[in-house]
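Working notes for the structure below.
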Amino acid sequence: MSVEDWGHDLRRLIARGTEHHGVADVLAVLQREVASLTLGMETPPPVLHAERPVLGVDACVAGWVGVLLGADGRLTVHVAGSISALIAQVREGAEVAVVAIDIPIGLPDEGEREADRLVRAAVPGKESSVHGARSRRVYGTDPEYDVLGPKVLEVDAWIRSGPGARVIEVEP
């Protein structure tokens, strides 16, 4: 299936889903469809459920976007200008157990992160495909990171301030 065909099918699913179901139902259908298409699975995986609320976060043009998977299985989308404002917004309605964020965390003051060394060791022959995080100093001073650097440093400062939730780094 080509990307254009997949995009057409995705638009059809969204249109069909929103006519008869809520956003959470549409997202559940999309999750199953994407998993079955991208992983070549014969049967789609079950819809995700969490015992306690889990928040997935990524940077966006407006600042930060988060999708909360509630203990009831409902998904809600939140957007805020800063990571701390996003977490505060989400905490108005849920006590988040885990924040899964698509940005490097655990930055070293200098050198390379232990996590990046361990990942490279785990993928022999593909070490160059692991694009590890840089040090705090690099994100703060290297023009190559003018776009990403401020976001990485914002999350780094937020984590170091004690966010009150377990924070993990994820790759979508």
Side-chain angles (χ1 to χ4, degrees), residues 2-3 6-7 10 27 30-31 33-41 45 48-71 75-172:
S2 73
V3 171
W6 188 83
L10 181 62
L27 290 173
L30 291 176
Q31 177 189 26
E33 290 293 324
V34 169
S36 66
L37 288 172
T38 60
L39 301 177
M41 301 172 75
L48 290 175
H49 290 283
E51 291 179 20
R52 295 175 46 209
V54 176
L55 180 67
V57 177
D58 203 352
C60 68
V61 174
W64 297 92
V65 61
V67 176
L68 179 69
L69 173 60
L75 297 172
T76 55
V77 177
H78 304 266
V79 178
S82 70
I83 188 68
S84 57
L86 178 71
I87 301 304
Q89 180 187 114
V90 170
R91 284 185 172 154
E92 290 176 6
E95 189 54 42
V96 178
V98 176
V99 176
I101 189 165
D102 181 20
I103 206 153
I105 62 172
L107 300 180
D109 289 322
E110 296 293 329
E112 183 179 40
R113 295 187 308 168
E114 178 68 14
D116 297 329
R117 284 194 291 274
L118 291 171
V119 170
R120 283 191 188 93
V123 291
K126 297 189 181 233
E127 297 90 345
S128 63
S129 65
V130 178
H131 303 288
R134 307 299 181 246
S135 68
R136 285 183 189 95
R137 181 187 57 77
V138 170
Y139 283 115
T141 61
D142 190 331
E144 180 182 346
Y145 300 103
D146 281 351
V147 174
L148 179 63
K151 298 281 191 188
V152 173
L153 293 174
E154 178 185 352
V155 169
D156 184 58
W158 171 70
I159 289 173
R160 293 171 74 177
S161 73
R166 181 171 178 217
V167 181
I168 61 171
E169 179 178 335
V170 295
E171 186 71 26

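Computed from heavy atoms alone, side chains included, the values below leave out hydrogens, waters and symmetry copies. In this chain, numbering begins with 1 at the start of the sequence shown.
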For Lys151 and Gly63, indicate whether the former's side chain and the latter's backbone hold a donor-acceptor pair under 3.5 Å.
yes

Before accepting this row, confirm whether a basic side-chain N of the pair Asp156/Arg136 lies closer than 4.0 Å to the acidic partner's carboxylate O.
yes

Set of side chain to side chain contact (heavy atoms under 4.5 Å, CB included) partners for Asp116, sequence neighbours left out:
Glu112, Arg113, Arg120, Ala133

Could you check whether atom CZ of Arg91 has more than 12 heavy atoms from other residues, nucleotides or ligands sitting under 6.0 Å from it?
yes

Would you say that Val167 contacts Ile101 through its side chain, given a criterion of any heavy-atom pair below 4.5 Å between the two side chains?
yes

Got more than 12 heavy atoms from elsewhere within 6.0 Å of CZ, Arg117?
yes

Please report the shortest heavy-atom distance between Ala100 and Val170, naming the atom on each side.
CB-CG1, 3.7 Å

Within the structure provided, determine whether Val96 and Val54 are in side-chain contact (heavy-atom separation under 4.5 Å).
no

Non-hydrogen side-chain atoms of Val152 and Leu107 separated by less than 4.5 Å:
yes

Kindly compute the distance separating OG (Ser161) from CD1 (Ile159), expressed to the nearest 0.5 Å.
9.0 Å

Can you tell me if Glu110 uses its side chain to pair, donor with acceptor, with the backbone of Ser135 under 3.5 Å?
no

Is the number of heavy atoms from other residues, nucleotides or ligands within 6.0 Å of CD (Glu51) greater than 12?
no

Specify the closest pair of heavy atoms between Pro104 and Tyr139, including all atoms of both residues, with the distance to one decimal.
CG-OH, 3.8 Å

Mind checking whether Ile103 and Trp64 have side chains closer than 4.5 Å, heavy atoms only?
yes

Nearest-0.5 Å distance that lies between atom CH2 in Trp158 and atom CD1 in Ile105:
8.5 Å

Under the rule for side chain to side chain contact (heavy atoms under 4.5 Å, CB included), what residues qualify as partners of Ala122, not counting sequence neighbours?
none

Side chains of His78 and Val65: closer than 4.5 Å at any heavy-atom pair?
no

4.5 Å side-chain heavy-atom contact, Glu95 and Pro53:
no

For Arg137 against Thr141, the heavy-atom pair lying closest together
O-OG1, 2.8 Å

Asp102 and Val57, any side-chain heavy atoms less than 4.5 Å apart:
no

Could you list the residues that satisfy side chain to side chain contact (heavy atoms under 4.5 Å, CB included) with Pro150, not counting sequence neighbours?
none

Only one of Val67, Ile87, Thr76 forms a side chain to side chain contact (heavy atoms under 4.5 Å, CB included) with Leu55, so which one is it?
Ile87

Would you find a donor on one side and an acceptor on the other, under 3.5 Å apart, between the side chain of Glu92 and the backbone of Val90?
no

